[in-house]
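The block underneath contains the structure these notes are about, expressed in structure tokens.
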Amino acid sequence: MAEKILLKGNIALAKGAIAAGCRYYFGYPITPQNDIPEFLSGELPKIGGTFIQAESEIASINMVMGASAAGARVMTSSSGPGISLMQEGMSYMAGSELPCLVVNVMRVGPGLGGIAPTQGDYFQATRGGGHGDYFNIVFAPASVQEMFDLTVKAFELADKYRNPAMILCDAILGQMKEPVVLEEREVSKPPAKPWSLTGASGRNPQFLKTLYLSDGEQEAHNLELKNKYDVLRKEEVLYEEKGLNDCEVVIVAFGTVSRIAKTAIQNIKKEGIRVGLIRPVTLFPFPTEIIRKTARNIPRILVVEMNTGQMFEDVKLSIENKIKIRFYGRPGGGIPTPEDIMREIKVLINEKSV
Amino acid sequence: MAEKILLKGNIALAKGAIAAGCRYYFGYPITPQNDIPEFLSGELPKIGGTFIQAESEIASINMVMGASAAGARVMTSSSGPGISLMQEGMSYMAGSELPCLVVNVMRVGPGLGGIAPTQGDYFQATRGGGHGDYFNIVFAPASVQEMFDLTVKAFELADKYRNPAMILCDAILGQMKEPVVLEEREVSKPPAKPWSLTGASGRNPQFLKTLYLSDGEQEAHNLELKNKYDVLRKEEVLYEEKGLNDCEVVIVAFGTVSRIAKTAIQNIKKEGIRVGLIRPVTLFPFPTEIIRKTARNIPRILVVEMNTGQMFEDVKLSIENKIKIRFYGRPGGGIPTPEDIMREIKVLINEKSV
Amino acid sequence: MGKIIIDRDRCKGCGFCIDACPKDLIIITNDLNIQGYLPAKIEDNDNCTGCALCAEVCPDVAIEVYK
Amino acid sequence: MGKIIIDRDRCKGCGFCIDACPKDLIIITNDLNIQGYLPAKIEDNDNCTGCALCAEVCPDVAIEVYK
Amino acid sequence: MYYDVIMAGFGGQGIMLMADMLALIAMKEGKNVTWMPAYGVEMRGGTANCTVIVSSEEIGSPVTGHPYSAIVMNEPSLMKYEPMVRQGGFLLINTSLIDQKKTERQDIEMLLLPANDIAHELGNTQMANMVALGAFIEKTKIVSLDATIQSLPEIFPNRPPQFIKNNTKAMETGAEFAAKKG
Amino acid sequence: MYYDVIMAGFGGQGIMLMADMLALIAMKEGKNVTWMPAYGVEMRGGTANCTVIVSSEEIGSPVTGHPYSAIVMNEPSLMKYEPMVRQGGFLLINTSLIDQKKTERQDIEMLLLPANDIAHELGNTQMANMVALGAFIEKTKIVSLDATIQSLPEIFPNRPPQFIKNNTKAMETGAEFAAKKG
Amino acid sequence: MKKVFERPKSLVDRLTHFCPGCTHGTAHRLVAEAIDYFNVQEDTIGVSGVGCAVFMYDYFAIDAIEAPHGRAPAVATGIKRVHPDKIVFTYQGDGDLASIGTSEIIHTANRGENITVIFINNTVYGMTGGQMAPTTLLGQQTTTSPYGRDPRNDGFPIRMAEMLATLEGVAYSTRASMHNAKEVLKAKKAVKKAFEMQKEGLGFTFVELLSACHTNWRVKAKEGQKRVEQELIPYFPLGVFREKKNEHMMNRG
Amino acid sequence: MKKVFERPKSLVDRLTHFCPGCTHGTAHRLVAEAIDYFNVQEDTIGVSGVGCAVFMYDYFAIDAIEAPHGRAPAVATGIKRVHPDKIVFTYQGDGDLASIGTSEIIHTANRGENITVIFINNTVYGMTGGQMAPTTLLGQQTTTSPYGRDPRNDGFPIRMAEMLATLEGVAYSTRASMHNAKEVLKAKKAVKKAFEMQKEGLGFTFVELLSACHTNWRVKAKEGQKRVEQELIPYFPLGVFREKKNEHMMNRG
Ligand SMILES: Cc1ncc(C[n+]2csc(CCOP(=O)(O)OP(=O)(O)O)c2C)c(N)n1
Ligand SMILES: Cc1ncc(C[n+]2csc(CCOP(=O)(O)OP(=O)(O)O)c2C)c(N)n1
Ligand code: SF4
Ligand code: SF4
Ligand code: SF4
Ligand code: SF4
Ligand code: SF4
Ligand code: SF4
Ligand SMILES: [Mg+2]
Ligand SMILES: [Mg+2]
């Protein structure tokens, strides 16, 4: 196993992109993710790649669209407002089934907002903030190591399913340093992309579009997309679970919050209260199954987020039986402390059962 | 009561805006809603209003932001791709609590898509397609009359709650003609807007922003917004119900689909099957209460949409007890026929009970 | 010495070729083609010089020219 | 005959005023102000002409000029 | 009472106007109506069609897969809509532009109307749509023919009396033709 | 084993570097570590702070409301972080820039270290951070002081030997001071 | 006799959806002829804007992609950076390029992206029903300027070829017309020139083609051609506004 | 003696967050002086772009709004159309105005919106940490052009004042600097001129102010001022590029 190095989350993510064979970056600066373009602007030229600081996020996502159509592994990164501006482009890419990686190191919203840690863009990421029936593949790292690993994974799944992938994380994960192992493994070269635009030499011309006019054509296309999303739901769910088989409460949390929850779980154990954890690693597809199963055995679920209750809906949609479920959230850059979470656990336990 | 006239949905909506005292329109052309700007470009100048064809949807929503900040009732209208481009601006307006009306006459998505009737933008409209924790007030008309009435209502609620409002409808409602009564009632003049920017004469200067930096300020702001949304959920839910107290199945559908459902309900009655209907008129706030209550008494709910299942989630989130719930949807411009719906009703009835 | 062939079913009857022809050799016919337009036709090919000006202005690339 | 007053706590010590003064009347002091900067001060006001060039270049509007 | 009709033809044939008039009169007669055109890209290629529904009840779906009736003014429209008309329904065919041999249905009533020829005799093929509308109303009685004719002046406010006269004549002639055919 | 510390001071005082070194050495010694700076706008106004957590277990929260210890290099930092240190915790105060009368807690251990003055005597106030780090490590033993000093060359690859020497001296002097104070 | 004029082979042999007399058809042919001339049919990638020419991919026998409205230059940039050896061009209307796509066209030109942009200026939004465009002439009535374009409310018609000519990254910027045979022949030369310069890697090349949208101008096809000559050209003069071997841009990485 | 120079009253009496020697502070003062000069403090509405000057509303004693990054001209358009009698201005940086906001600034100028735009050109993205801007000089190193701006990849520095001067709707377009007292006084005149023309309803007025961001240039404050003089001005010449009573634009609606 390769040796550990101490890296900032944003840099680990950028190194993950390079490890995944991504050689094209198009983006527009925005805090708190500027380490990514700044690092890549120095690295990509060295390895024959291309770094362009686009004139806007809209140009960025459309350059990404072009490079993806041309068959390349390509990425952009931004934060809240910039991601909102990319929604038209992301909808087009989903519609023409073009793979790419879009990174959202969240800032506080709505509006300009500050850069304190937050998770307010969950809906936008998982419900397709753009128009139409589509989904992004969304990953939620919770450590600097995962900033690297999941970036590689995101490129692989994006290509496998010809679908935009997204890394959704809060500013803490982008800014903090942790030991990381940059896996040596021979990263899967991008697969062949017979659909890509390379000039129609030795084959028939082909095109990429999202406008279908003949009867039923568009509906058929949408149903194909839906099938793809259903396969993703079956095949690609990732999550971490902890202490589920012996606890009275289960916490569901993602990203940085899941780590704060772990501290809370450790501390409250000393008081004799056993709490389990489910951490969604993919937000779409969402780990519905494990939550459904767990809810059958454990009578209480506490959902904690740095927003006013977004993933909370997916958790509720996952649960079929009647149990006690509670939400605790802090929006606008407020960070739940382990003490906050311990308090909420107790409140939940003391609720008279339903 | 004033006499009926035969009007196109888009025109009725535009007349509704004028009736509501809206004198400012900023927008960018896109089918299938061009009747709106085309009509207003002729009418507004006549009544001292301003019509500007903006250079883009982004410019449109930001001009709307300016006019709203200046205290005016103001609107824009567009469709799928254009609405996606407005997401940053809409997030800013929600964040700085600026009222406005945004009309989305949907087209097929993801991507450019055709202009066949569809409801694929439900998530975007109700989950705040932009970044951050916020919601739009969303109305779903189902007749040309409602294209007029709900437009007036939308302006009133937008001002009352200092929040962006949206009309979400499919192309059929925009293109069809029906008899309409243009209510004579004295439309509520826009309320006083002491917060608006008029030049700081005779008062302290004031500003509108979304960036809060001092400790806890932003979190407090977000919690205030949440309170506002909770009030909306309590006070402003609108829906239509039909035959709920005597039926074996209830259909939940909005917009044009709700009308097709009515035809299906009429036809299937002849076969002795009694079916009720709940039609959400506000999509946010969503009529959770009536659906929850109904589910306690009626064992089966069928949700029909022109998408792959978006409002379906809100219906499921509304229901607390275990009943049979089924979804039927046609995305990509496919229109469910009354026959389709009758078939689905029967399938649902014949499902062995849970 | 030249000649042209107008594809009557591709022609949309805009008449640009008529104005373009320095020798006024082209006219509009009056039976609809499959597209529902009244197509152009060459009246006498004998005087055609094959200058191809008609073809250059045809938006529908309905004219072939020989020389 | 003029004079200037430099608000030492608003001053950020950029030194622009020093270069701007045609009479070289301004210098940087060396005890930190509340902002943590080393502020400028006028050395002798007697030779100040009140030309206000120092004030014109002050990014922090820390200088008042009298004449 | 519930009745739906799809009217279809070339762009220039005044289909929307026919539909508009029918819907307008029905509304004036206190009925509920919907008028639903094919719009947008479908219009490219120059065919136009419009669905009109007239009902004494609230109207549900404004679109219809199996109308009681259809008016087809050109051949492409015949191809598309003849199969849709429901059993026992009614199909008005503009035989001036449609080869009646092309029709197939036995289970519906058909009116073979040489609308353009009649209009031509009346001095202007442009009025073929009025001829057809007259015949259609006579046949179906969804609205009153007289009422329709009465309202011509208000439908065409700034047109000369002669124009109104001609169109009146066109509708009447169409109606007579339909009446004769019984 | 779990230990967390918040280091804070002015922009120019090399706070991030101290934190970086501590985290790096702890990592080399096989510990889990997190290094979490205050970033972005908070940095405007010229104060810097960084939280370092060292643990033999997986580290949960990288942020901490009640650290075991804090190093405050200037007065604003004292104001902000003294109250946070948990009971029985440890606070290292740079008395060169902080008036010790301003301290309030009785329930924590304090080390009053004139870091800048010591560094000044050693010839360069810039090294105050190294003096403080040396003292902090000596006091807390989270990592080995020797190991830290050993790794100076690799932490400052392209700096002259003299520089390494000076910094070594600075850390050692800081450590000695802390040791004396017991 | 031998054929002296025939359909270029990179232009698909099918009917178009364009209105009778729409010079979008002519422009398509000119581009196809250039592709054939340089024999790059198998090395060319087209990017269509959204407008009446959105269906470009149905008419050209080359690889192509439909870009979001106005973003074709950004999409083309992405493609060209991945395939610097391919010929990449965009085909955009005035709404697409001069309105919603302003930012993309200006910065793509300024970066000197080595692509060719074919710009069809017909002074209206054709596809969506003839709304006002940035290029609409003063006083011109459209569906969104029913009283005629008024500079006090709507601003002035923008001359894109001239504006882009002020940018360093631009190798070639020209305006031609297609309203008669003589001008079509000049337009053909301009398009070829642009493709040739792209092949040489000289940077951004831009060809504005004046075109009639008689359908939305509400005139007969021939009327439209006259209007181009009598009303458009006086405001949008024909000619080359920039042609420059930009040393900076040559032999890139 | 009487006061001959003091803080303008429409400039709030508080410390700014700007770095020492940042001429954003100077620019703020010049705008405030113009507001005081025309005595329109109670009739002025400011629109801040997003950049180091986003906190404008904290420093000016006037009504103000924070626009999304790059959209200030559109927001200002909305305000001005509702309050044609108020003075409306935007204050934007080069990333805000010349990059993401390109489309808005060009079309607002072209519409001849009767507003004033104050444009701070410091050749970098100051607020976000010194990334490359459209105005960054060739060869200039920034955090996203670590090897220096290379025209073959990054394009060329854009001269906004010149580009906007080509648009009919523009009444006034000028470039000034703030690197010494002499230039500050000229800049002051330019800002006043712009506000004056807006008051007269002449249309769009634009003042570009060269400014140092020595923090991100990584030099001392005084160094920064020298750089402006020695490196910026040669590429961004000072002067008036357009000043025109545009009859078209007078006495509107
Ligand atoms: C984001 C977005 N906004 C608006 C539209 C609607 N739209 C399609 S084409 C078009 C303009 C077409 O005009 P032009 O670019 O001049 O092309 P033309 O049809 O005139 O050749 C518009 C506004 C869209 N498809 N996407
Ligand atoms: C949509 C969006 N993209 C990016 C950003 C991040 N951002 C904030 S300010 C800025 C640029 C600031 O540079 P400039 O406009 O030149 O102002 P300066 O700080 O240099 O005065 C950027 C990219 C944002 N806030 N919103
Ligand atoms: S080739 Fe020349 S001469 Fe012959 S028909 Fe065409 S234009 Fe006329
Ligand atoms: S130019 Fe072409 S399309 Fe037009 S009439 Fe002649 S042949 Fe027909
Ligand atoms: S007013 Fe003039 S003379 Fe006096 S200090 Fe300032 S610059 Fe010097
Ligand atoms: S110019 Fe102003 S801020 Fe700078 S040193 Fe002089 S007084 Fe201080
Ligand atoms: S609408 Fe105009 S641009 Fe479009 S095809 Fe017809 S004539 Fe050409
Ligand atoms: S970063 Fe640059 S622009 Fe921003 S305040 Fe500092 S010097 Fe001024
Ligand atoms: Mg056009
Ligand atoms: Mg800048």
Side-chain angles (χ1 to χ4, degrees), chain A residues 8 10-11 14 23-63 76-87 105 107-115 171 174-175, chain H residues 47-57 65-72 74-75 93-106 123-136 140-158 160 216:
Chain A
K8 216 175 180 189
N10 283 337
I11 302 300
R23 292 295 177 270
Y24 297 89
Y25 177 97
F26 306 95
Y28 188 79
I30 186 169
T31 348
Q33 60 81 55
N34 287 325
D35 315 278
I36 299 171
E38 289 171 1
F39 178 79
L40 290 175
S41 68
E43 292 305 305
L44 285 176
K46 288 188 207 156
I47 54 178
T50 295
F51 171 92
I52 294 185
Q53 182 173 307
E55 62 270 24
S56 70
E57 291 85 357
I58 291 180
S60 306
I61 192 65
N62 284 284
M63 290 174 185
T76 186
S77 58
S78 186
S79 183
I83 299 293
S84 290
L85 289 167
M86 294 183 190
Q87 292 308 319
V105 183
R107 41 193 297 155
V108 175
L112 178 53
I115 55 177
Q175 296 299 324
Chain H
V47 184
S48 65
V50 183
C52 278
V54 66
F55 304 109
M56 194 180 85
Y57 43 74
I65 182 172
E66 154 207 285
H69 188 38
R71 320 306 175 189
V75 172
D94 40 28
D96 192 80
L97 181 141
S99 192
I100 194 171
T102 306
S103 196
E104 286 74 17
I105 194 64
I106 284 183
T123 77
V124 288
Y125 289 16
M127 183 187 221
T128 47
Q131 295 82 6
M132 184 178 73
T135 48
T136 296
Q140 183 178 343
Q141 289 183 357
T142 70
T143 49
T144 51
S145 58
Y147 309 115
R149 181 178 190 162
D150 176 352
R152 292 169 305 169
N153 191 69
D154 311 322
F156 298 81
I158 295 185
M160 289 308 294
N216 286 301

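Quick note on labels: first sequence line is chain A, next is B, and so on, each numbered from 1.
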What pairs meet the ring pair (Phe, Tyr, Trp, His ring centres under 6.0 Å) rule with one or both residues in residues 30-51 of chain A, with sequence neighbours excluded? A:Y25-A:F51
CG of A:N34 to OG1 of H:T144: how many Å apart, nearest 0.5 Å? 8.5 Å
Is it true that a side-chain atom of H:T128 and a backbone atom of A:I30 form a donor plus acceptor pair closer than 3.5 Å? no
Nearest 0.5 Å, what's the CD-OG1 distance between A:E38 and H:T143? 3.5 Å
Less than 4.5 Å to any heavy atom of chain H: does that hold for the side chain of A:L40, its backbone, both, or neither? neither
OG/A:S79 to CD1/A:I115 distance, rounded to the nearest 0.5 angstrom? 9.0 Å
Chain H contact residues among residues 53-61 of chain A, heavy-atom distance under 4.5 Å: A:Q53, A:A54, A:E55, A:S56, A:E57
Test item: H:Y147 and A:K46 side chains (from C-beta on) under 4.5 Å apart, heavy atoms: yes
Chi angles and distances behind the side chain to side chain donor-acceptor pair (under 3.5 Å) call for H:Y125, H:S99: CA-CA 10 Å; H:Y125 289 16; H:S99 192; 3.1 Å; yes
Which one wins on heavy-atom pair count under 4.5 Å against chain A: H:P146, H:G101, H:G129, H:G95? H:P146
Quick one: what part of A:P32 sits under 4.5 Å from any heavy atom of chain H, side chain, backbone, both or neither? neither
